[in-house]
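The block underneath contains the structure these notes are about, expressed in structure tokens.
Each chain gets a letter, A, B and so on, in the order its sequence line appears, and its residues count up from 1.
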2 protein chains.
Amino acid sequence: MAVKLADKDIARIARALAEPRRFQILKEIGATKGGVVSCGELRDHHKVTAATLSHHLKELETAGLVETTKTGKFMTIALNRGVLDAYLAQLQKI
Amino acid sequence: MAVKLADKDIARIARALAEPRRFQILKEIGATKGGVVSCGELRDHHKVTAATLSHHLKELETAGLVETTKTGKFMTIALNRGVLDAYLAQLQKI
DNA sequence: TCGACAGTTTGACAATTATCTAACTATCGA
DNA sequence: TCGATAGTTAGATAATTGTCAAACTGTCGA
């Protein structure tokens, strides 16, 4: 069974998902093979500044929905399916 | 298979769920037998004015997550599990 | 070492929204 | 019919947040 999320975790995840751009980003990551994407790829698909993108990624990361790893200059963002699934499991139980 | 939701529908549902009080209300409705609750019961559990509660119920209804029926002076709110499930199904596919 | 590049942080601004009060509509019982 | 009660609507306010520009940090190649 998945981890039980506290109410505040659920709220944070829900807020992260409620922003259309972040939802899109998440779908984009999930659609790639391996569930991994580079920051540059995201910038190509979203007409926002790097600052804005950075902000959104931080929201997703704080919510636990993605994990980022930095190798040298570049960053890769990976979907954390475990957290997403845990969130869905909680909603399922409503 | 559940109904396919448009992106804007998903966004609306996600926003409805992202508000802690609304999430709580939804859980409360779901916890009752039959998935139905009266407006007064909600007022007992939430320390907000009737106006605020009305606002939240409208958000949930617009999102399709609940359906309300008015009989005389009173209102009953029912969880619409179909919409919730459709939302979860979409997230599942990410 | 230096410049270019990837991403972050900070501060500001605009849009959204949760909340309240007050006034309103509608229904029921006396 | 009147008063009380259930819920809505409108307008105001405060908090949150998506966005940008500008300045910053860290890394690589020349």
- Message: Please give me the minimum heavy-atom distance between B:L57 and B:C39, naming the atom from each residue.
- Response: CD1-SG, 3.9 Å
- Task: Please report the shortest heavy-atom distance between A:V36 and A:A78, naming the atom on each side.
- Result: CG2-CB, 3.9 Å
Can you check the [X] [atom1] to [N] [atom2] distance for me, whole Å?
X	N	atom1	atom2	result
B:H46	C:dA18	NE2	P	14 Å
A:L60	D:dG18	CG	C1'	13 Å
B:R21	D:dA15	CZ	C1'	15 Å
B:L17	C:dA18	CG	P	12 Å
A:E41	C:dG7	CD	P	11 Å
B:E59	D:dT8	CD	C1'	14 Å
A:L57	C:dT9	CG	P	12 Å
B:F74	C:dA26	CZ	C1'	12 Å

- Task: State, with a plain yes or no, whether a side-chain heavy atom of A:E67 is found less than 4.5 Å away from one of A:L79.
- Result: no
- Polar side chain donor-acceptor pair, B:E28 to B:H46, under 3.5 angstrom: yes
- Task: Would you kindly compare A:G72 and A:R15 by the position of their nearest DNA chain D nucleotide and give the one closer to the 5′ end?
- Result: A:R15
- Task: Between B:S54 and A:K47, name the one whose nearest nucleotide on DNA chain D is closer to the 5' end.
- Result: B:S54
Measure from the side chain of [X], starting at C-beta and using heavy atoms only, and say which of [options] lies closest.
X	options	answer
A:T49	D:dG7, D:dC20, C:dT8	D:dC20
A:M75	C:dT8, D:dC20, C:dA18	C:dT8
B:A51	C:dA22, D:dG7, C:dT19	C:dA22

- State which residues pass side-chain contact (heavy atoms from CB on, under 4.5 Å) with A:H56; sequence neighbours excluded, sorted by chain then number. A:E19, A:R21, A:R22, A:I25, A:T52
- Heavy atoms under 4.0 Å, any strand shown: does A:H55 hit a base, just sugar-phosphate, or nothing? base
- Please work out if A:R43 contacts a base, only the sugar-phosphate, or nothing of the nucleic acid, heavy-atom cut-off 4.0 Å. nothing
Check the phosphate of [N] against [X], side-chain N and O only, distance under 4.0 Å to OP1 or OP2. Yes or no?
X	N	answer
B:H56	C:dT19	yes
B:T52	C:dA18	no
A:K73	D:dT25	no

